[in-house]
Protein chains: 2
Amino acid sequence: MTARTSNDTARDIPEATVARLPIYLRALITLAEDSIETCSSEELATAAGVNSAKLRKDLSYLGSYGTRGVGYDVEYLRYQIAREIGVTQDWPVVIVGIGNLGHALANYSGFRSRGFRVVALLDADPDRHDEVVAGVDVRPFDELEEIAAEHGVAIGVIATPALAAQDVADRMVTAGIASILNFAPTVLSVPDGVDVRKVDLSIELQILAFHVQRKTAASALAQENSA
Amino acid sequence: MTARTSNDTARDIPEATVARLPIYLRALITLAEDSIETCSSEELATAAGVNSAKLRKDLSYLGSYGTRGVGYDVEYLRYQIAREIGVTQDWPVVIVGIGNLGHALANYSGFRSRGFRVVALLDADPDRHDEVVAGVDVRPFDELEEIAAEHGVAIGVIATPALAAQDVADRMVTAGIASILNFAPTVLSVPDGVDVRKVDLSIELQILAFHVQRKTAASALAQENSA
DNA sequence: AGGAGTTTGTGAACGAGAGAACAAACTGAG
DNA sequence: CTCAGTTTGTTCTCTCGTTCACAAACTCCT
């Protein structure tokens with residue numbers, strides 16, 4: 001997925017593990033809210049919806065933060081994972097495209113609570129400028145470079161229609177944004193070293209539909225055979 | 001991911017391949033719109049953002065729909081993939097939770113164009129009932145079973161806050177909905193045979209943040225070494 | 001102190017997915 | 001008809017990820 005460019009000095013953590021760390025983090029936060037101070041790999045795995053062996057192996061890539069015979073200290077492990085992911089620091093983010101989805105993203109509380117701060121909402125449509133969404137000004141798309149430089153933005157979110165997405169991505173790359181979260185239903189082409197993650201709502205539904213169809217086809221066949 | 005319950009009579013397609021079929025489908029639709037009648041695996045692979053060998057292997061699970069020395073007929077392959085996924089038929093869908101995200105989902109045109117028809121928007125808040133969003137009535141959550149039965153709903157979308165999500169999922173399962181797309185930041189526990197896919201906005205950002213951090217840490221280190 | 005009972009961290013087996021490479025099958029020119 | 005050129009479908013290998021199983025390390029009770 002992500003291009004490994006430079007020579008990895010840090011021990012590298014498998015991509016599959018990285019994708020699960022935020023899940024563990026959320027589970028730990030929930031446990032902490034319930035005033036639970038210690039948990040076993042089994043308990044944490046259940047809370048995160050994974051196998052306990054997998055959880056232990058994942059955590060072992062970060063270091064040895066548990067105590068045998070006891071388990072993990074919730075607060076301590078929570079901090080270690082947060083530090084590893086990088087959510088102990090503040091991440092300025094720009095969102096481009098203030099349609100329905102852009103609105104939803106701007107209002108999503110899960111961003112702010114994880115250290116992601118929306119510093120600007122950008123839209124090409126002049127009618128939307130000077131609007132205020134979720135306490136943030138909507139600015140002209142042309143100001144992207146300026147805003148990115150000013151706030152040190154490293155992460156950009158694309159919530160435009162498919163047609164505009166590639167242009168937006170190009171401009172983001174020019175502006176020095178090397179990590180992009182793309183909600184537009186398009187394959188983006190970007191230079192090496194730029195990290196793109198894609199979220200596609202209709203693809204998720206299609207995958208579900210495939211499984212539904214397979215299930216119903218299988219049961220119809222079973223019924224036929226038993227007749 | 002998905003629990004394989006029944007004895008698979010159909011040749012089974014690897015999960016990784018299933019996840020890519022909708023991408024191929026979209027690429028084919030784009031090609032068709034550009035009046036391209038034939039394409040090679042290389043061209044289609046580029047349009048879909050994958051390796052051509054992987055594409056050919058994926059397609060080979062569906063059957064042998066290409067012609068050696070020629071390539072694939074765009075329209076024919078498009079139909080075959082659509083049929084395999086199941087998007088040639090109509091899929092009634094309910095969305096629960098009409099916040100910002102629910103609104104965005106209800107308005108998302110990519111659903112309707114792929115055969116997903118939103119038959120109802122449900123919300124527990126009585127103030128929202130009889131509102132109309134994207135041409136669809138907002139109904140009380142209590143009517144879930146009734147509506148699901150009436151329209152033969154097989155797929156449910158959860159766009160509620162985290163706290164409500166498990167209850168909603170339980171009710172969906174009771175109502176016979178065995179495929180759930182969950183946008184709430186929670187791990188759902190469901191009986192075997194129920195298929196849950198999760199989309200988590202803040203997790204995607206956290207994964208990006210991890211890579212940014214690693215990149216900047218690596219370059220800082222490189223700079224240090226060269227000094 | 002010692003032993004029974006837990007629970008972590010990890011080595012090793014296993015399975016799934018990615019990519020290279022090539023034979024099979026087609027087209028079109030001569 | 002034959003041969004060169006093209007492109008698919010598939011086999012093989014390698015890498016990555018998952019799971020099992022167990023030694024190491026800790027607690028607590030006697």
Side-chain angles (χ1 to χ4, degrees), chain A residues 1-4 8 11-24 27-28 31 36-74 76-78 80-81 84 207 210-211, chain B residues 1-4 8 11-24 27-28 31 36-74 76-78 80-81 84 207 210-211:
Chain A
M1 189 67 62
T2 302
R4 297 284 164 84
D8 278 327
R11 66 189 173 283
D12 49 289
I13 300 175
E15 197 52 41
T17 296
V18 172
R20 282 188 293 266
L21 290 180
I23 305 176
Y24 302 152
L28 286 165
L31 290 177
I36 295 170
E37 290 176 6
T38 298
C39 69
S40 68
S41 64
E42 197 68 50
E43 290 166 312
L44 184 53
T46 303
V50 302
N51 178 306
S52 71
K54 182 149 60 176
L55 170 76
R56 287 200 302 277
K57 177 149 273 198
D58 283 342
L59 294 184
S60 77
Y61 291 113
L62 311 189
S64 187
Y65 296 137
T67 310
R68 298 178 191 214
V70 179
Y72 300 93
D73 181 284
V74 171
Y76 180 62
L77 183 58
R78 170 187 167 174
Q80 293 299 340
I81 293 180
E84 192 73 45
I207 296 171
F210 172 84
H211 289 299
Chain B
M1 189 65 61
T2 302
R4 297 282 163 83
D8 280 326
R11 65 187 175 283
D12 48 286
I13 299 175
E15 198 52 40
T17 297
V18 172
R20 282 187 294 266
L21 290 180
I23 305 176
Y24 302 152
L28 286 166
L31 290 176
I36 295 170
E37 291 178 5
T38 299
C39 69
S40 68
S41 65
E42 197 69 49
E43 291 167 311
L44 184 53
T46 304
V50 301
N51 178 304
S52 71
K54 182 151 59 177
L55 170 75
R56 287 200 300 277
K57 187 183 267 198
D58 284 341
L59 295 184
S60 78
Y61 291 113
L62 310 190
S64 187
Y65 296 137
T67 310
R68 298 177 190 213
V70 180
Y72 300 93
D73 182 282
V74 171
Y76 180 61
L77 183 58
R78 170 187 167 173
Q80 292 299 339
I81 293 181
E84 192 71 46
I207 295 171
F210 172 84
H211 289 299

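Letters A, B, ... mirror the listed sequences (proteins, then strands); counts begin at 1. This is a predicted model, so every value here is computed, not measured.
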Next on the checklist: For D:dC16 and A:Tyr61 - does any side-chain N or O of the residue sit under 4.0 Å from the phosphate oxygens OP1/OP2?
Outcome noted: no
Checklist entry - If you round to the nearest 0.5 Å, how far is CG of A:Leu55 from OH of A:Tyr72? => result 6.0 Å
Item to check | First encountered from the 5' end of DNA chain D, between A:Ala16 and A:Arg56 | outcome: A:Ala16
Next on the checklist: In this structure, how many angstroms lie between the C1' atom of C:dA12 and the NZ atom of A:Lys54, rounded?
Outcome noted: 18 Å
Checklist entry - Between B:Tyr65 (OH) and D:dG9 (P), how many Å, whole number? => result 11 Å
Checklist entry - Is any side-chain N or O of A:Ser41 closer than 4.0 Å to OP1 or OP2 of C:dT8? => result yes
Checklist entry - So do the side chains of B:Ile13 and B:Glu84 get within less than 4.5 Å of each other, counting heavy atoms only? => result yes
Item to check | Side chain proximity check, A:Ile23 to A:Val50, heavy atoms < 4.5 angstrom | outcome: no
Checklist entry - Is there side-chain contact between B:Arg56 and B:Ser52, with heavy atoms separated by less than 4.5 Å? => result yes
Item to check | Whole-Å gap separating P (D:dG9) and CG (B:Asp58) | outcome: 12 Å
Checklist entry - Separation of A:Leu62 atom CG from C:dT8 atom C1', in whole Å? => result 14 Å
Next on the checklist: Need to verify one output field. Residue with the more 5' nearest nucleotide on DNA chain C, A:Gly69 or A:Ala53?
Outcome noted: A:Gly69
Checklist outcome for this item: When rounded to whole Å, the CG to P distance for the pair B:Leu59 and D:dT8 reads 9 Å
Next on the checklist: Any side-chain N or O of B:Tyr72 below 4.0 angstrom from OP1/OP2 of C:dC26?
Outcome noted: no
Checklist entry - Does B:Arg20 put a side-chain nitrogen or oxygen below 4.0 Å from OP1 or OP2 of C:dA18? => result yes
Item to check | d(NZ, B:Lys57; C1', D:dC12) in whole Å | outcome: 9 Å
Item to check | Taking every non-hydrogen atom, the tightest pair across B:Leu62 and B:Ile81 | outcome: CD1-CG1, 3.9 Å
Item to check | Short side-chain N/O contact to D:dG9 OP1/OP2 from B:Ser64, under 4.0 Å | outcome: yes
Checklist entry - Can you tell which of D:dC26, C:dT8, C:dG17 lies closest to the side chain of B:Glu15? => result C:dG17
Item to check | Side chain of A:Arg68 - closest among C:dT8, C:dG17, C:dC22 | outcome: C:dT8
Next on the checklist: What is the distance, to the nearest angstrom, from the CD atom on A:Glu42 to the P atom on D:dT19?
Outcome noted: 13 Å
Checklist entry - Roughly, in whole Å, what's the span from CD1 in B:Ile13 to C1' in C:dG17? => result 15 Å
